[in-house]
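Below: one structure, written as structure tokens.
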Amino acid sequence: MKNYSDDVIRAKALIKNADALVIGVGSGLTAAGGLNYADPALAEKWYPEYAAQGQHSIMEIMGSFWPNTLQEKNATVFWGFWARHIWHIRYEANVLLPYVDLFTLAHSKDYFIVTTNVDGQLEKAGFPKDKIFAPQGDYALFQCSVPCSDAVYPNREMVQGMVAHMPTPFEIRPEAPHCPKCGALMAPNLRCDHTFVEAPHMKNMGDYETFIKNRRNKRLVFLELGVGFNTPGIIRFPFEQMAGMLPKATLVRINRDDVRTMYDLGGQGIFLQSGLANVLQKLK
């Protein structure tokens, strides 16, 4: 317990005295706020009909309706899940406490954020979009499923309309959204295969890289929050590499399940295997 407390105290001091923060946000931060895709209770609350069929987590349900399975013949059932899911996660959900605590901790600092999340919680907490690099997509956007262009479309009204008029808990009316340019089906704007429209999300990549480059000789803290191994090449592995390479950098990794590192960072790493909500309260 003493080592854990000492590490929290050290992490808090490093963040306070940092010249800049690079913040990496994974799905663990949203789960720490109560929206956990592996939680059977959440699936039972939002999707009791699917739970009754033996699908006991949102991850299980999503496995049946991944975006690259969308076709005209299954569109009403596909959107029967996805319209509800997007509505619950992106629009109905309020800002979660861990994100509020992160904003309190970071907003007055010099910072940039990279996230694999697509749920909009960072923006709800108050972080501006121009300080966020989010290469995996956005639940608030649709794209052409082909795609015929790099256009993306705000989807709140479309999602709300689908959810409001569902004839059964499993499907929408036969009015699935179609691309206004070519007439193909619209799809969630999520990275799942080569059809993902990434251009709108990659605009901030240059600013993210420049932010780090311009601060490489300063006291830089890489603050990694709830990042697992689904896509470690976006945040987890690069944070380890940069923390090891930059002379005044430190990696602070907070993860409930796994804080292992591929690199020996020595004194340039603090690894807190603990609940994110609890640690952020302490750091704040």
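Remember, predicted model here, so these are calculated numbers, not experimental data.
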Check your understanding: Quick one: is the NZ or CZ of Lys124 closer than 6.0 Å to the six-membered ring centre of Tyr99, and within 45° of its axis?
Key ->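 Lys124 over Tyr99 ring: no.
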
Practice item. Please report the shortest heavy-atom distance between Ala20 and Arg215, naming the atom on each side. Key: CB-CD, 3.6 Å

Revision key, fill the gap. When every non-hydrogen atom of Ser145 is compared with those of Leu185, the smallest separation belongs to OG-O, 2.7 Å

Going by ring-ring contact (aromatic ring centres under 6.0 Å, His included), name the residues that satisfy it together with [X], two or more places apart in sequence or in a different chain.
X	value
Phe271	none
His178	none
Phe81	Tyr47, Phe65, His85

Check your understanding: Testing Arg219, Lys248, Lys218 for side-chain hydrogen bond (donor to acceptor under 3.5 Å, both in side chains) with Asp19, which one passes?
Key -> Arg219

Practice item. Assess whether ring pair (Phe, Tyr, Trp, His ring centres under 6.0 Å) is satisfied between Phe142 and Trp79, documenting all intermediate values. Key: CA-CA 12 Å; Phe142 285 164; Trp79 286 113; 4.9 Å; yes

Can you tell me if [atom1] on [X] sees more than 12 non-hydrogen neighbours from other groups inside 6.0 Å?
X	atom1	result
Asp193	CG	yes
Arg191	CZ	yes
Met245	CE	no

Exercise for review: Keeping to residues at least two apart or across chains, list the side chain to side chain donor-acceptor pair (under 3.5 Å) pairs with something in residues 154-169.
Suggested key: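 Side chain to side chain donor-acceptor pair (under 3.5 Å) check on residues 154-169 returns Tyr91-Asn155.
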
Exercise for review: Quick one: do Arg84 and Glu49 satisfy salt bridge (Lys or Arg N to Asp or Glu O under 4.0 Å)? Show the steps, please.
Suggested key: CA-CA 12 Å; Arg84 290 172 69 186; Glu49 304 85 6; 3.4 Å; yes

If only side-chain N and O atoms count, and only distance matters, is there a donor-acceptor pair under 3.5 Å linking [Y] with [X]?
X	Y	value
Thr250	Gln268	no
Tyr139	Asn117	no
Tyr4	Ser274	yes
Gln143	Tyr153	no

Exercise for review: Establish whether Leu70 and Val197 are linked, either directly or via other cluster members, by ILVMFWY side-chain heavy-atom contacts under 4.5 Å.
Suggested key: no

Exercise for review: Evaluate the side-chain proximity of Asp207 to Asp130: yes if any heavy-atom separation is below 4.5 Å, no if none is.
Suggested key: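 No, too far: nothing below the 4.5 Å cut-off.
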
**Study point:** Pairs involving residues 183-221, ordered by first then second residue, that meet ring pair (Phe, Tyr, Trp, His ring centres under 6.0 Å) (sequence neighbours left out)
**Key:** Phe112-Tyr208, Phe112-Phe211, Phe133-Tyr208, Phe196-His201

Quiz: residues 222-233 side-chain donor-acceptor pairs under 3.5 angstrom, not counting sequence neighbours:
unit_1, atom_1, unit_2, atom_2, d
Glu224, OE1, Arg253, NE, 3.3
Glu224, OE1, Arg253, NH2, 3.1
Glu224, OE2, Arg253, NE, 2.7

Exercise for review: Could you grab the distance from atom OH of Tyr50 to atom OG of Ser57, nearest 0.5 Å is fine?
Suggested key: 13.5 Å

